[in-house]
Amino acid sequence: MKITFLGHATLFIETENTKLIVDPFISGNSLAAHIDMNALKADYILITHGHQDHVLDVETIAKNNPEALLISNYEIVEWFSTKGINGHPLNHGGKFKFDFGTLKYVNAIHSSILPDGSYGGNPGGFVLTTPSKCVYIAGDTALTLDMKLIPETCPPLDLAIFPIGDNFTMGYEDASIASDFVNCSKVLGYHYDTFPPIKLDRAKAQSHFRSKGKELILLDIGSAISI
Ligand code: NI
Ligand code: MN
């Protein structure tokens, strides 16, 4: 599995046979100006919650990839269906087997409203399980005890993707505790630097993780890791 960081909370995930885009927010992110959104090919668009900084470019990507299926909670899938975008609704605790593997929608402690003020349902994260790997994409969330359910209910994680920018989500200190809760010491950080209140001191965050015997991966926008 190859995961490319496209800035903020936007991920491009390539499994053996499938391309997934998570929470596309590229055109609104000046730090991601070098990313050509129109070149992105996607089979699926995953949305954790309805905030603008997670859904801004969904319509453009859906238009460029008319076969792509949107996966989110029921309310978000309904909202995008009125714009002609096909979706598969999940709700919290539910999982479904797609052609790339299984996706489970899990709790996040946050808020959610769609850009026009419509109700966005409750926010969530995803546990993505392919035949060879398992990754937890936390979405925007606080540290929550619900994370302890993930190792109880999902395969062992190869990677946890956590927001670390603080202010709107947990910061890196809580994210290091979250990595204990989910039994995964390999963490990819996201949701930082995009806006002034979430500016990250990278060296401090990474040394905090190192001091706990954990790894915090911070990717340049446009670069990737393979797991
Ligand atoms: Ni949010
Ligand atoms: Mn956000």
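Counting convention: from 1, in listed order, for ligands and their atoms alike. Every heavy atom of this structure was used, including side-chain atoms; hydrogens, water molecules and symmetry mates were not.
- Between D193 and K199, at least one side-chain nitrogen of the basic residue sits less than 4.0 Å from a carboxylate oxygen of the acidic one, meeting the salt-bridge criterion.
- Y105 has its ring centre no less than 6.0 Å from the ring centre of F96.
- Cation-pi geometry between K214 and F209 is not met: the NZ or CZ atom fails to fall both under 6.0 Å from the ring centre and inside 45° of the normal.
- If you take CZ on F100 and CD on E16, they are separated by 12.0 Å, rounding to the nearest 0.5 Å.
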Does the pair T60 and V58 meet the rule for a side chain to side chain contact (heavy atoms under 4.5 Å, CB included), with working shown? CA-CA 6 Å; T60 304; V58 168; over 6 Å; no
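- For the residue pair H208 and S176, a side-chain donor N or O sits within less than 3.5 Å of a side-chain acceptor on the partner.
- In this model, no donor atom of one side chain and acceptor atom of the other lie less than 3.5 Å apart for N91 and N73.
- For the Mn ion (ligand 2), the neighbouring protein N/O/S atoms at less than 2.8 Å, given as residue and atom, are D53 OD2, H54 NE2, D140 OD2, H191 NE2.
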Would you please test L159 and I3 for side chain to side chain contact (heavy atoms under 4.5 Å, CB included) and show each step? CA-CA 10 Å; L159 180 71; I3 301 171; 3.6 Å; yes
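- No donor-acceptor contact under 3.5 angstrom links the side chains of H8 and D23, judged on distance only.
- The Ni ion (ligand 1) has H49 NE2, H51 ND1, H110 NE2, D140 OD2 as protein N, O or S atoms under 2.8 Å away.
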